[in-house]
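What follows is a single structure, written as structure tokens, with notes after it.
Numbers for residues simply follow the sequence, beginning at 1. Computed from heavy atoms alone, side chains included, the values below leave out hydrogens, waters and symmetry copies.
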Amino acid sequence: MTLGGGCYCGALRYRTTGRPILKALCLCRACQHVSGGGPNYFMLVPPEGFQYLQGTPNQFTRPDLAQPVTREFCGTCGTHILTRRLDMSALVLKIGTLDDPAMFRGPRIAIYAEDQQPFHHLPDGLPVFQQLPPPSR
């Protein structure tokens with residue numbers, strides 16, 4: 001599977017190949033900040049299949065956190081493209097940046113429901129975790 005995407009202004013373009021590892025949504029406060037208040041829809045993609053084709057993203061890592069993530073975004077329009085976690089090799093790719101976000105077809109799980117706001121509505125039957133799901137065996 002090959003998917004393309006980029007930022008709102010077109011300064012960043014990327015391609016990702018390989019099957020998504022997970023399709024999910026995150027309700028944590030950090031994602032609410034990044035998304036403007038809503039959940040962050042994302043999919044985990046293999047790092048070896050991801051490549052920027054145009055532009056170089058800006059990066060931000062909070063220095064005050066014990067386990068910080070690095071967020072990559074367009075320095076021109078501010079669109080967040082992906083997140084890199086220290087404890088995971090897969091990349092957290094933001095669904096809204098895909099050329100065809102409809103291919104996402106919805107999340108398989110919701111994480112960090114402990115931060116869910118009253119105005120966040122989740123699909124019926126969606127597995128919901130208060131933080132992260134337990135590791136797969």
Check for me, please, whether [X] and [Y] land in the same ILVMFWY cluster - side-chain distances under 4.5 Å, paths through other members count.
| X | Y | result |
| --- | --- | --- |
| Val45 | Ile81 | yes |
| Phe42 | Met103 | no |
| Leu122 | Ile95 | yes |
| Leu98 | Tyr8 | no |
| Leu93 | Ile111 | no |

Problem set entry | Heavy-atom neighbours of Asp64 CG exceed 12 at 6.0 Å |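 It does: Asp64 CG has more than 12 such atoms within range.
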Show the nearest heavy-atom pair for residues [X] and [Y], with the distance to one decimal.
| X | Y | answer |
| --- | --- | --- |
| Tyr112 | Cys26 | CD1-SG, 3.9 Å |
| Gly75 | Asn58 | CA-ND2, 3.5 Å |
| Pro20 | Met1 | CD-SD, 3.7 Å |
| Pro39 | His120 | CD-CD2, 3.7 Å |
| Asp99 | Gly6 | OD1-N, 4.4 Å |
| Ala113 | Val128 | CB-CG1, 3.3 Å |

Exercise. When you look at Met88 and Leu44, which way does the side-chain contact (heavy atoms from CB on, under 4.5 Å) test go after all the steps?
Worked result: CA-CA 10 Å; Met88 180 174 69; Leu44 298 180; 3.8 Å; yes
For this session: Let me see the working for Thr17 and Thr2 under side-chain hydrogen bond (donor to acceptor under 3.5 Å, both in side chains), right down to the final yes or no.
Result: CA-CA 4 Å; Thr17 59; Thr2 299; 5.5 Å; no
Is the backbone of [Y] close enough, under 3.5 Å, to the side chain of [X] for a donor and an acceptor to pair up by distance?
| X | Y | value |
| --- | --- | --- |
| His80 | Cys74 | no |
| Gln32 | Gly36 | no |
| Gln117 | Asp115 | yes |

To the closest 0.5 Å, what do you measure between [atom1] ([X]) and [atom2] ([Y])?
| X | Y | atom1 | atom2 | value |
| --- | --- | --- | --- | --- |
| Glu48 | Leu91 | CD | CG | 8.5 Å |
| Arg85 | Arg71 | CZ | CZ | 10.5 Å |
| Thr97 | Arg13 | OG1 | CZ | 9.0 Å |

Exercise. Side chain to side chain contact (heavy atoms under 4.5 Å, CB included) with Met43: which of Ile21, Leu22, Leu3?
Worked result: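 Running side chain to side chain contact (heavy atoms under 4.5 Å, CB included) over Ile21, Leu22, Leu3 with Met43 returns exactly one hit, Leu3.
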For this session: Could you check Val92 against Leu82 for side-chain contact (heavy atoms from CB on, under 4.5 Å), going step by step and ending with a plain yes or no?
Result: CA-CA 5 Å; Val92 182; Leu82 61 81; 5.7 Å; no
For this session: Report the residues that fulfil side chain to side chain contact (heavy atoms under 4.5 Å, CB included) with Pro107, sequence neighbours left out, ordered by chain and then residue number.
Result: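 Side chain to side chain contact (heavy atoms under 4.5 Å, CB included) check on Pro107 returns Leu25, Tyr41, Phe104, Leu126.
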Exercise. Taking C-beta and beyond as the side chain, do Cys7 and Thr76 meet within less than 4.5 Å on heavy atoms?
Worked result: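 They are not in contact (no side-chain heavy atoms under 4.5 Å apart), so the answer is no.
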Acceptor/donor pairs from residues 49-56 side chains to any protein atom, 3.5 angstrom cut, sequence neighbours excluded:
| residue | atom | partner | partner atom | Å |
| --- | --- | --- | --- | --- |
| Gln51 | OE1 | Arg15 | NH2 | 2.9 |
| Tyr52 | OH | Glu72 | OE1 | 2.8 |
| Gln54 | NE2 | Gly10 | O | 2.7 |

For this session: Could you give me the CA-CA distance, side-chain angles and deciding distance for Ile109 and Phe129, then say whether side-chain contact (heavy atoms from CB on, under 4.5 Å) is met?
Result: CA-CA 8 Å; Ile109 64 170; Phe129 298 89; 3.9 Å; yes
Exercise. Where do Ser35 and Lys94 land on the side-chain hydrogen bond (donor to acceptor under 3.5 Å, both in side chains) test, with the steps shown first?
Worked result: CA-CA 10 Å; Ser35 73; Lys94 313 302 189 219; over 6 Å; no
